[in-house]
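First comes the structure, then the notes that go with it.
Labels below follow one simple rule: chain letters A, B, ... track the order of the sequence lines, proteins then strands, and each chain is numbered from 1. Atoms considered below: every heavy atom in the structure, side chains included; atoms not considered: hydrogens, waters and symmetry mates.
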Number of protein chains: 2
Amino acid sequence: MSLPHALLTSLLEKPSSGLELAHRFSKSIGYFWQASHQQIYRELVRLEEAGWVQSSADEGARGRKRTYEVLPAGKAELKRWMALPSEHKNLRDEMMVRIRAAAVVGPDGLADGLKQRLASHREQLALYRAIHKKDFEGKKETRAMVLQRRILEVGIEYERQYVAFCEDVLKELGEA
Amino acid sequence: MSLPHALLTSLLEKPSSGLELAHRFSKSIGYFWQASHQQIYRELVRLEEAGWVQSSADEGARGRKRTYEVLPAGKAELKRWMALPSEHKNLRDEMMVRIRAAAVVGPDGLADGLKQRLASHREQLALYRAIHKKDFEGKKETRAMVLQRRILEVGIEYERQYVAFCEDVLKELGEA
DNA sequence: TTTGACATGTAACCCGTTACATGATTTT
DNA sequence: AAAATCATGTAACGGGTTACATGTCAAA
């Protein structure tokens, strides 16, 4: 459960409102940790109750922008959390279950789904590569940038792998 | 949500009890779809209510082995589900959030967690490679085996990537 | 002044997790 | 007969998702 700490990180980078955070989560951070705006609003309330962040604007001002910033206690909490061990979660992918099912009930209809996934992963791969080019190529790198680049490259390699996988399976099914 | 269909697939391969399924989920299938025994028992009840599977043994026989097998309606449901499009989920990894946090609050203590992850991914990689060797190398492959092998290879490539990633980050932190 | 975009929320549901409880079977 | 193991559950909780509701502000 790292949403609260992802939010603290994002707010330390730049104090923001809930919706701004939601937008940012659909990009950069969100490539490895997704969150909907409902989740974010819920969590921001908790962060404030915990005394980790502070929001501008009066109570009960529904519809009016509310900007959050991190308090010292929040930064301390983030430091503490950052040093915790993080669990190795296995991959979890419906497509693999579908392919295994296909081995039992026959592959009719499997190819369509695979083609969609192939297109989707190609798109994601192109997006990651574009970001890589824009943000990292031909620039002098700071310490922090090296790490961000490596994170992105994990994403790139994963998508590359997946594209090749879909292509292979389609070929095996005689559909490409 | 593919647990029910993962169970149907597994039960079609071989009629089993809940615990047997749980054991099997901690291996092969579970490499891409994990489930605890509590989840499995809960789901098996639903599958039976839906008329997709049938269990041996009388009602209310707590503690006595209960074997499930798939009914025709269950096989039909699996066929239907298998042909649905499956969503592309982005990666989701706490470690990436931690590294990003480290860029903001400093990397103190990050290396320990990374070393643990490195060890864990190396272990998983070794396991996958052992399975690959045992199940696929030097054997004549059926249609279904090719697909199972490719699924495993996605896992292998992912773990390989991750090991390299941990090593790189540790190096960058001056810890390896 | 109405429309659309921006912004914040509420409520319900389901899956996955954790902790615990209980019955049956085999082994010592 | 006691202990260990196999096997099936129950209950509570929390995060993630979906659908919906409400308020503000700027532009047409």
Next on the checklist: I want to confirm an ordering. Mapping A:A35 and B:E20 to their closest nucleotides on DNA chain D, which one lands closer to the 5' end?
Outcome noted: B:E20
Item to check | N or O in side chain of B:R92 less than 4.0 angstrom from D:dG16 OP1/OP2 | outcome: yes
Item to check | Geometric class of the A:Y158/B:Y158 ring pair [parallel <30°, tilted 30-60°, perpendicular >60°] | outcome: perpendicular
Checklist entry - Side-chain donor or acceptor of A:R42 under 3.5 Å from a matching atom on the base of C:dA11? => result no
Item to check | B:R66 CZ - C:dT25 P separation (whole Å) | outcome: 14 Å
Checklist entry - Where the side chain of B:S17 is concerned, which of D:dT8, D:dG16, D:dG23 is the nearest nucleotide? => result D:dT8
Checklist entry - Once you round it to whole Å, what is the distance between P of D:dC6 and CZ of B:R24? => result 17 Å
Next on the checklist: Tell me the interatomic distance from A:H37, atom NE2, to D:dT22, atom P, rounded to whole angstroms.
Outcome noted: 15 Å
Item to check | C:dC15 OP1/OP2 closer than 4.0 Å to side-chain N/O of B:R46 | outcome: yes
Next on the checklist: Please confirm whether the shortest side-chain N or O distance from A:Q39 to OP1 or OP2 of D:dT17 is below 4.0 Å.
Outcome noted: yes
Checklist entry - For B:Q38, which contact category applies under a 4.0 Å heavy-atom criterion: base, sugar-phosphate, or nothing? => result base
Checklist outcome for this item: From CG of A:L19 across to C1' of D:dG23 the rounded distance in Å is 14 Å
Next on the checklist: For a quick test of reading the model: is some side-chain N or O of B:S36 closer than 4.0 Å to OP1 or OP2 of C:dT18?
Outcome noted: no
Checklist entry - Would you call B:R117-A:E87 a salt bridge at under 4.0 Å N-O? => result no
Next on the checklist: Side chain of A:L3, heavy atoms from C-beta onward: which of C:dG16, D:dG16, C:dT22 has the nearest atom to it?
Outcome noted: D:dG16
Next on the checklist: Under a 4.0 Å threshold between the charged nitrogen and the carboxylate oxygen, would B:E153 count as salt-bridged to B:R149?
Outcome noted: yes
Item to check | OP1 or OP2 of D:dG9 under 4.0 Å from side-chain N/O of B:R64 | outcome: no
Next on the checklist: Strictly below 4.0 Å, N to O, side chains only: are A:R160 and B:E157 in salt-bridge contact?
Outcome noted: no
Next on the checklist: Could you tell me how far apart B:L44 (CG) and D:dT8 (C1') are, to the nearest whole angstrom?
Outcome noted: 11 Å
Item to check | B:I40 CD1 - D:dG9 C1' separation (whole Å) | outcome: 13 Å
Checklist entry - Under 30°, 30 to 60°, or over 60°: which ring-plane class applies to B:F165 and B:Y162, parallel, tilted or perpendicular? => result perpendicular
Next on the checklist: Rounding to an integer number of Å, can you tell me how far B:K89 NZ sits from C:dG16 C1'?
Outcome noted: 13 Å
Next on the checklist: I want to check one thing: is the phosphate of C:dT8, taken as OP1 and OP2, less than 4.0 Å away from some side-chain N or O of A:Y41?
Outcome noted: yes
Checklist entry - For B:H23 and D:dC6, what is the distance between atoms NE2 and C1' respectively, to the nearest whole Å? => result 8 Å
